[in-house]
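Below: one structure, written as structure tokens.
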Protein chains: 4
Amino acid sequence: MTFVTSDSPIAAGYPKKRARTRRQLMNAGMTVLAQKGPDGATVGEIAREARVATGTFYNHFPSINDLVEAVTNELTTGVQIGRETLDQIENDPAVRVLVGTGQLLDLAQDDPESARAFVSLLATVPHFRDRVRSIIGGAIADGVTAGRFAERDVDFTVDALLGSVVQWMRTTLSDEANEQGARSDQFRIALSIVGVPARAHGPLLRRVV
Amino acid sequence: MTFVTSDSPIAAGYPKKRARTRRQLMNAGMTVLAQKGPDGATVGEIAREARVATGTFYNHFPSINDLVEAVTNELTTGVQIGRETLDQIENDPAVRVLVGTGQLLDLAQDDPESARAFVSLLATVPHFRDRVRSIIGGAIADGVTAGRFAERDVDFTVDALLGSVVQWMRTTLSDEANEQGARSDQFRIALSIVGVPARAHGPLLRRVV
Amino acid sequence: MTFVTSDSPIAAGYPKKRARTRRQLMNAGMTVLAQKGPDGATVGEIAREARVATGTFYNHFPSINDLVEAVTNELTTGVQIGRETLDQIENDPAVRVLVGTGQLLDLAQDDPESARAFVSLLATVPHFRDRVRSIIGGAIADGVTAGRFAERDVDFTVDALLGSVVQWMRTTLSDEANEQGARSDQFRIALSIVGVPARAHGPLLRRVV
Amino acid sequence: MTFVTSDSPIAAGYPKKRARTRRQLMNAGMTVLAQKGPDGATVGEIAREARVATGTFYNHFPSINDLVEAVTNELTTGVQIGRETLDQIENDPAVRVLVGTGQLLDLAQDDPESARAFVSLLATVPHFRDRVRSIIGGAIADGVTAGRFAERDVDFTVDALLGSVVQWMRTTLSDEANEQGARSDQFRIALSIVGVPARAHGPLLRRVV
DNA sequence: AATGAATGAGAGTTCATTCAT
DNA sequence: GATGAATGAACTCTCATTCAT
């Protein structure tokens with residue numbers, strides 16, 4: 001299962017070829033965005049990466065900002081889908097936090113391109129960051145309500161959790177050596193941040209490995 | 001053989017004025033960098049913000065990159081000095097972590113402009129991020145060595161700590177309402193991240209308030 | 001794995017239009033280069049002269065230096081072709097020198113724009129001067145080897161010959177009145193420089209008129 | 001005896017220090033002009049080379065063009081002086097041509113800096129070239145009138161002579177190895193150009209060695 | 001729809017010139 | 001007179017966007 005689903009709903013209802021070109025541009029956009037960031041990415045380079053003429057870009061996106069927007073939406077849709085799916089199978093908020101955390105850790109290890117785009121856009125596109133934060137905030141608020149997490153300010157807990165996961169992703173993406181064990185460290189940190197006592201860490205970790 | 005006998009002219013100029021202009025440029029650079037990031041900032045805008053002609057910029061910095069470098073240096077120097085001072089007065093690594101954390105929280109509340117630059121540049125200038133991380137890493141390694149902190153991977157602990165503080169700063173900078181109490185929440189989170197048991201939080205917090 | 005299956009787009013564009021624009025830029029480049037020299041010529045002026053937007057220049061030449069390079073290549077290619085053609089029809093080195101000289105004299109009278117560029121660039125673009133000198137040097141070395149020319153230092157003979165022809169071109173280009181007779185004077189000077197005795201001048205001149 | 005006299009009449013009548021600063025600027029101007037040409041030379045670099053502040057330049061020259069003009073004048077004054085001096089001591093036009101030629105050859109070997117400036121400015125400053133050509137033209141016209149030279153178009157003879165000498169200078173200035181013998185080759189070329197028969201070369205050469 | 005040449009606003013940088021000290 | 005900081009016009013080059021084919 002991959003984080004970014006290629007049958008994004010946005011592409012629905014268009015003739016095949018148009019959809020294919022659009023997908024090429026989306027993929028290229030993600031690649032280039034991941035490498036250069038939103039300020040370094042140029043329409044020319046995205047079109048070249050997509051094996052398409054510059055002008056073609058504008059048959060699919062009114063401006064470069066709209067491409068960023070679309071990529072961003074797709075990334076968020078992935079998170080959203082992950083969360084909805086989760087709601088149906090798991091009720092313990094602590095496990096949900098670990099699963100969500102694990103999704104991002106997986107992304108960094110399995111699909112570095114998307115992960116790079118995720119991290120890069122998170123740092124630079126405010127509305128993307130806000131959306132991600134609100135998704136995580138929902139999960140944490142549930143945990144607090146359920147008495148499972150410490151009663152801390154939710155926003156700060158979100159920030160701490162997201163911040164630490166993102167830093168972990170960044171490190172993973174830039175390191176060649178991915179030492180094992182680091183993953184469970186990050187899980188423990190996540191649990192610490194939301195306020196699950198250390199003595200409860202062990203059993204929870206066993207459920208998500 | 002030449003007629004030239006006079007010595008090279010000594011710098012007799014206007015050090016006051018030069019220094020003042022440079023400071024205007026540094027301040028303007030921080031402001032603009034904070035708002036636009038290093039890619040969005042332009043020499044023209046920085047010069048305008050500094051109430052100075054475009055060309056004047058280049059009397060003080062060889063290129064726009066050097067201004068970024070100078071700003072990050074200044075930001076790091078501030079942290080560095082704080083840390084050195086700290087070394088002389090305080091030995092408990094936990095307190096040192098809290099003081100360091102508090103410095104950044106203070107920055108966000110007392111000098112939003114610098115804080116904005118700090119956060120923005122941390123996300124976008126690798127050189128700067130690395131330097132900050134190595135400073136924090138030193139403090140944490142000390143704590144682990146002293147048996148005061150949990151024995152986790154130092155790098156990930158650094159990422160988690162820095163990430164959560166930075167997210168806190170971001171929120172503070174964008175919120176109008178700065179509720180009190182948040183500060184001690186963040187302190188507790190910081191202690192959780194480095195692995196100081198919750199029962200020890202109270203006394204430590206009292207020492208840095 | 002990617003959805004992209006279509007081949008890289010083949011260059012289907014508008015080769016006609018592209019070639020025309022490029023020629024406009026080359027012509028404009030020659031004109032402006034001739035008037036202002038390589039240091040005085042600006043992309044803006046060349047584009048204006050070519051009735052084209054500034055940015056269009058960079059669709060055809062990566063930098064202003066490459067335009068200079070292209071212009072000098074074209075100028076040298078003209079001479080080179082002339083020489084190769086010559087090799088096949090004429091063996092007397094003295095005649096070859098006269099034909100080569102005549103080519104440049106013709107250039108000055110028939111295509112003043114190119115001639116101006118030739119003279120201007122010869123004085124200012126070392127790369128171009130060296131190429132021209134080596135072409136002329138080849139012809140003279142042949143003549144010396146064949147015992148047709150005086151045994152002088154080839155390099156200096158080249159300099160003298162080229163120098164005198166260029167000065168002749170310069171004068172022709174700045175004078176309104178092009179008196180006849182001057183041409184044969186220059187032919188005699190050329191023969192003197194390479195060391196063909198004066199008594200042999202008459203018959204040779206008759207062959208190239 | 002050097003080509004460029006340091007007690008240029010222009011400096012007369014000023015207080016010592018002013019004159020000295022002006023001379024520093026003239027020397028620096030010649031050096032930089034020779035290295036970078038009139039388009040590459042900047043006021044900043046000339047001032048630095050003269051060990052003087054930028055602003056000082058404008059106490060002596062209203063604009064950078066006036067510095068070029070002044071350097072140019074000085075160079076021409078040197079030629080002029082050489083010619084006037086010559087008028088008093090030598091009547092044979094052929095010898096005068098050889099002495100003039102020799103002056104420039106000497107310059108290239110003894111004072112490369114001035115020589116470089118001479119060559120560089122000759123190619124790029126029209127009014128300088130015109131002045132030099134008129135001086136040489138005078139000498140050649142005299143020779144034709146006296147029946148000493150062939151009756152060729154004076155202007156073309158000037159161009160050929162100046163052109164060949166300048167090319168000789170250029171080569172000398174860029175070569176490390178200055179082979180002897182080249183000098184007399186150039187003398188012979190000069191005599192050929194003005195139309196002195198080869199059999200008369202020997203005695204004339206002996207008079208100027 | 002796709003193409004890619006053309007466009008022109010805007011960015012970084014240089015440098016002749018001015019001017020307060 | 002000398003100084004060097006400040007100025008701003010001009011230059012090279014980039015790139016989002018338009019448009020004829």
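Values below: all heavy atoms of this structure, side chains included; hydrogens, waters and symmetry mates excluded. Proteins get letters first, then strands, A, B, ... in listed order; numbering begins at 1 in each.
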Checking all strands, does B/A50 fall into the base, sugar-phosphate, or nothing category for heavy-atom contacts under 4.0 angstrom? nothing
Looking for any heavy atom pair under 4.0 Å, which part of the strands does A/T54 touch: base, sugar-phosphate only, or nothing? base
Shortest non-hydrogen contact between A/F118 and A/F128, atoms and distance: O-CE2, 3.6 Å
Looking only at heavy atoms, the pair that brings A/L25 and A/L67 closest together is O-CD2, 4.2 Å
May I ask you to verify if any side-chain N or O of A/T21 is less than 4.0 angstrom from the OP1 or OP2 atom of E/dA2? yes
Side chain of B/R18 only, please: which of F/dT12, E/dA16, F/dA5 is the nearest? F/dA5
When you measure from every atom of DNA chain E, which of residues 61-70 of chain C have a heavy atom less than 4.0 Å away? none
If one requires at least 3 consecutive Watson-Crick or G-U pairs with distances under 3.5 Å, the stems of DNA chain F turn out to be E:2-21 with F:2-21
Can you tell me if D/S63 and D/D66 form a side-chain donor-acceptor pair at under 3.5 Å? yes
Below 4.0 angstrom from OP1 or OP2 of F/dC13, is there any side-chain N or O of C/Y58? yes
Side-chain N or O of D/H60 closer than 4.0 Å to phosphate OP1/OP2 of F/dG1: no
Whole angstrom is fine here: how far is it from CZ in C/R48 over to P in E/dT7? 14 Å
Quick check against the 3.5 Å criterion: does B/T72 have a side-chain atom that pairs as donor or acceptor with the backbone of B/E69? yes
Where A/A117 and A/A34 come nearest, the two heavy atoms and their spacing: N-CB, 3.4 Å
For A/L25 and E/dA2, give me the distance from atom CG to atom P, rounded to whole Å. 9 Å
Distance in angstrom units between B/F57 CZ and F/dA5 P, rounded: 16 Å
In whole Å, what is the span from the CD atom of B/E45 to the C1' atom of E/dG12? 15 Å
From CG of B/D39 across to C1' of E/dG10 the rounded distance in Å is 16 Å
Scan C/A47 against the nucleic acid and name what it touches under 4.0 Å (heavy atoms): base, sugar-phosphate only, or nothing. nothing
Hey, is the side chain of B/T56 poking within less than 4.0 Å of OP1 or OP2 on F/dT7, counting only N and O atoms? yes
From CZ of A/R51 over to C1' of E/dA2, roughly how many Å is that when rounded to an integer? 17 Å
Testing the basics here: between A/I46 and A/A41, what is the closest heavy-atom pair and its distance to 0.1 Å? CD1-CB, 4.4 Å
Restricting to pairs with a member in residues 37-51 of chain B, which pass side-chain hydrogen bond (donor to acceptor under 3.5 Å, both in side chains), not counting sequence neighbours? B/K36-B/E45
Donor-acceptor contact below 3.5 Å, side chain C/E113 vs main chain C/T31: no
In whole angstroms, the gap separating P of F/dA5 from CZ of B/R23 amounts to 17 Å
Rounded distance [0.5 Å steps], CZ in A/R129 versus CG in A/L122: 7.0 Å
If you only use heavy atoms from C-beta on, which nucleotide in E/dG8, F/dC15, F/dT17 is closest to the side chain of C/A53? E/dG8
From the set F/dT17, F/dA2, E/dT7, return the single nucleotide nearest to any side-chain atom of C/N59. E/dT7
Working note: D/R22 + D/N59, criterion side-chain hydrogen bond (donor to acceptor under 3.5 Å, both in side chains); need CA distance, chi angles, decisive distance, verdict. CA-CA 9 Å; D/R22 188 190 162 90; D/N59 285 333; over 6 Å; no
